[in-house]
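Working notes, beginning with the structure itself.
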Protein chains: 2
Amino acid sequence: MTIMVGLEQKLKIAGHKLTPARLAVVEVLETQHDHLNHNQILDEGRKLYPKLSRATVYRTMDLLVELQLVRPLYLNDPTQRFVSAAGGHHHLVCCKCGETVEFEHCTADPLAQELAEKYGFQIFNHLLEFQGLCIKCH
Amino acid sequence: MTIMVGLEQKLKIAGHKLTPARLAVVEVLETQHDHLNHNQILDEGRKLYPKLSRATVYRTMDLLVELQLVRPLYLNDPTQRFVSAAGGHHHLVCCKCGETVEFEHCTADPLAQELAEKYGFQIFNHLLEFQGLCIKCH
DNA sequence: CTATAATTGAGATATAATCTCATTATGGGC
DNA sequence: GCCCATAATGAGATTATATCTCAATTATAG
Ligand SMILES: [Zn+2]
Ligand SMILES: [Zn+2]
Ligand SMILES: [Zn+2]
Ligand SMILES: [Zn+2]
């Protein structure tokens with residue numbers, strides 16, 4: 001999640017303690033790829049800080065979600081995964097084999113504007129996910 | 001999921017047996033509201049067919065997903081929920097209180113076309129979800 | 001009606017998420 | 001630098017969700 005820079009700063013500014021456990025989690029998010037789930041964050045985090053506990057991973061991710069630095073996402077298995085909360089997230093998912101392609105070009109922003117006005121929402125980001133069959137599966 | 005008509009027919013056409021357990025699940029999907037999870041389908045289904053087992057609910061939903069009559073979705077809790085696979089699904093979700101608004105107008109279709117060509121996907125439907133704060137939470 | 005293969009239910013098992021509570025350690029105040 | 005209040009932690013128990021196993025049942029074609 002290399003887009004996720006300065007998580008440490010942001011935690012501090014928000015008045016939270018910079019404990020080794022949190023720093024390990026944050027380090028993982030900043031250096032590893034996107035879409036990690038709690039277990040993967042735990043495993044990677046323990047390489048940096050072996051005492052790291054599962055509960056702390058869950059708690060730290062809750063905190064980061066609350067601060068809107070990160071957001072949860074489900075792909076093709078029943079675990080919650082995390083991506084940067086900045087900007088949109090765009091997937092093409094194959095219903096059969098689960099292959100996932102990410103794409104960049106997206107037309108959601110004008111719509112976001114419109115919806116924000118219509119419903120009084122303040123919109124930060126979005127997920128646009130297309131389901132279908134990949135080239136190998138049809 | 002009142003859009004979901006004729007599930008029964010479609011199961012039969014696809015060569016699957018019309019057992020009372022399946023009929024109960026299908027009846028629930030056709031008469032209750034959207035976004036039910038496995039547990040809710042089980043509870044409702046048992047009102048129609050008390051012997052209905054949890055495993056059969058999971059299996060039937062797997063089958064309906066495979067036949068692309070229904071598709072899974074995660075909202076603000078860790079349970080898989082189901083909506084009609086027809087057309088798109090469009091949400092505005094409040095990160096704080098979880099309030100979910102559904103909207104209709106959507107601009108994803110031209111993009112779907114473009115992506116289908118670019119990546120060789122055959123696209124059936126999509127999910128467009130905006131995250132933000134609802135009017136009460138900001 | 002019968003044969004057969006698909007389907008089922010019950011419960012065991014596996015995996016994911018949450019909770020509890022005694023212990024530890026950060027960071028502000030001095 | 002030291003102390004203290006309080007936030008934060010870790011270990012393990014608990015709960016919730018999902019998957020698997022297998023003997024028994026049953027829908028349907030013929
Ligand atoms: Zn595929
Ligand atoms: Zn977008
Ligand atoms: Zn919906
Ligand atoms: Zn749409």
Side-chain angles (χ1 to χ4, degrees), chain A residues 7-28 35-67 69-82 98, chain B residues 7-28 35-67 69-82 98:
Chain A
L7 284 181
E8 189 179 326
Q9 304 279 7
K10 288 169 185 162
L11 275 178
K12 194 182 182 89
I13 290 168
H16 300 279
K17 293 184 180 176
L18 297 182
T19 65
R22 279 179 182 160
L23 292 177
V25 169
V26 158
E27 171 85 9
V28 169
H35 300 160
L36 296 179
N37 64 23
H38 291 103
N39 256 315
Q40 294 167 327
I41 295 167
L42 178 61
D43 289 347
E44 290 301 313
R46 280 184 169 161
K47 293 180 187 169
L48 303 172
Y49 181 64
K51 277 202 301 176
L52 183 62
S53 83
R54 178 177 307 282
T56 296
V57 172
Y58 276 87
R59 288 186 288 230
T60 302
M61 296 316 294
D62 281 354
L63 181 58
L64 295 175
V65 168
E66 204 174 298
L67 296 175
L69 300 174
V70 135
R71 66 189 201 68
L73 194 63
Y74 285 83
L75 295 177
N76 268 355
D77 68 90
T79 67
Q80 204 172 29
R81 294 168 183 282
F82 295 92
Chain B
L7 284 181
E8 189 178 327
Q9 304 279 7
K10 288 170 186 163
L11 274 179
K12 191 179 186 90
I13 290 168
H16 299 281
K17 293 184 179 175
L18 296 183
T19 64
R22 279 180 183 159
L23 292 176
V25 169
V26 158
E27 171 85 9
V28 168
H35 301 159
L36 296 179
N37 64 24
H38 291 104
N39 258 315
Q40 294 168 328
I41 295 167
L42 178 62
D43 289 348
E44 291 301 313
R46 280 183 169 162
K47 292 180 187 168
L48 303 172
Y49 181 64
K51 277 202 302 176
L52 183 61
S53 83
R54 176 178 307 282
T56 295
V57 172
Y58 275 87
R59 288 186 287 230
T60 302
M61 297 315 294
D62 281 354
L63 181 59
L64 295 175
V65 168
E66 205 174 297
L67 295 175
L69 300 174
V70 134
R71 66 189 202 66
L73 192 63
Y74 286 84
L75 295 178
N76 268 355
D77 67 90
T79 67
Q80 203 171 29
R81 294 169 181 279
F82 296 92

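Evaluated for a side-chain contact (heavy atoms from CB on, under 4.5 Å) with B:Leu7, the options B:Leu67, B:Leu69, B:Val25 yield exactly one hit, B:Leu69. When A:Ile41, A:Thr79, A:Asp43 are each tested for a side-chain contact (heavy atoms from CB on, under 4.5 Å) with A:Leu36, only one passes: A:Ile41.
Between A:Gln80 and A:Pro72, the closest heavy-atom pair is NE2-CB, 3.2 Å.
Contact between the side-chain N/O atoms of B:His16 and the OP1/OP2 oxygens of C:dA6 is not found at any separation under 4.0 Å. For A:Thr19 and C:dA25, the shortest distance from a side-chain N or O to OP1 or OP2 is not below 4.0 Å. Contact between the side-chain N/O atoms of A:His38 and the OP1/OP2 oxygens of C:dA16 is not found at any separation under 4.0 Å. Here A:Ser53 does not reach the OP1 or OP2 of D:dT9: none of its side-chain N or O atoms lies under 4.0 Å away. At the phosphate of D:dA18, neither OP1 nor OP2 sits under 4.0 Å from any side-chain N or O atom of A:Tyr74. Phosphate proximity of C:dT18 to A:Tyr58: absent, as no side-chain N or O sits under 4.0 Å from OP1 or OP2.
Per the geometry, CD1 belonging to B:Ile13 stands 16 Å off C1' belonging to D:dT28, to the nearest Å. Protein atom CG of A:Leu23 is 9 Å distant from nucleotide atom P of C:dG27, rounded to whole Å. Rounded to whole angstrom, the span from the NZ atom of B:Lys51 across to the P atom of C:dG11 amounts to 14 Å. The interatomic distance linking B:Asp77 (CG) with D:dT15 (P) rounds to 19 Å, in whole Å. Distance A:Met61 CE to C:dT18 P: 13 Å, rounded to the nearest Å. As a whole-Å value, the separation of A:Phe82 CZ from C:dA16 P is 13 Å. One can place CG of A:Leu63 at 13 Å from P of D:dA7, the figure rounded to the nearest angstrom. Put simply, CG on A:Leu18 is 16 Å from P on D:dA7, counting in whole angstrom units.
Nearest-nucleotide mapping onto DNA chain D: of B:Asn37 and A:Gly15, the residue sitting toward the 5' end is A:Gly15. Of the two residues near DNA chain C, B:Arg59 and B:Pro78, the one whose nearest nucleotide lies more 5' is B:Arg59.
Interatomic distance, A:Arg81 CZ to A:Tyr74 OH, rounded to the nearest 0.5 Å: 10.5 Å. In this structure, the separation between CD on B:Gln9 and CG on B:Leu18 is 8.5 Å, given to the nearest 0.5 Å.
As judged by a 4.0 angstrom heavy-atom cut-off over every strand, A:Ala55 is placed among the base-contacting residues. Across all strands, B:Lys17 comes closer than 4.0 Å to base atoms (heavy-atom distances). Among the protein residues, A:Pro50 comes within range of no part of the nucleic acid, since none of its heavy atoms lies under 4.0 Å from any strand. Backbone-only engagement by B:Arg22 is indicated by non-hydrogen atom pairs under 4.0 Å involving sugar-phosphate atoms exclusively. Residue B:Asn39 is in sugar-phosphate contact alone, with no base atom involved, counting any heavy-atom pair closer than 4.0 Å across all strands shown.
Closest to the side chain of A:Pro20, out of C:dG9, C:dT26, C:dA17, is C:dT26.
With A:Arg54 contributing its side chain and A:Leu42 its backbone, the two residues share no donor-acceptor pair below 3.5 Å. No donor-acceptor pair closer than 3.5 Å links the side chain of B:Thr56 to the backbone N or O of B:Leu52.
Ring pair A:His38/A:Tyr58 is parallel by interplanar angle, where below 30° counts as parallel and above 60° as perpendicular.
The base of C:dG11 is not paired with the side chain of B:Arg54 by any donor and acceptor separated by under 3.5 Å.
Comparing the helix axis at one end of the helix from C:dC1-D:dG30 to C:dC30-D:dG1 with that at the other, each defined from 5 consecutive pairs, gives an inter-axis angle of 40° (nearest 10°).
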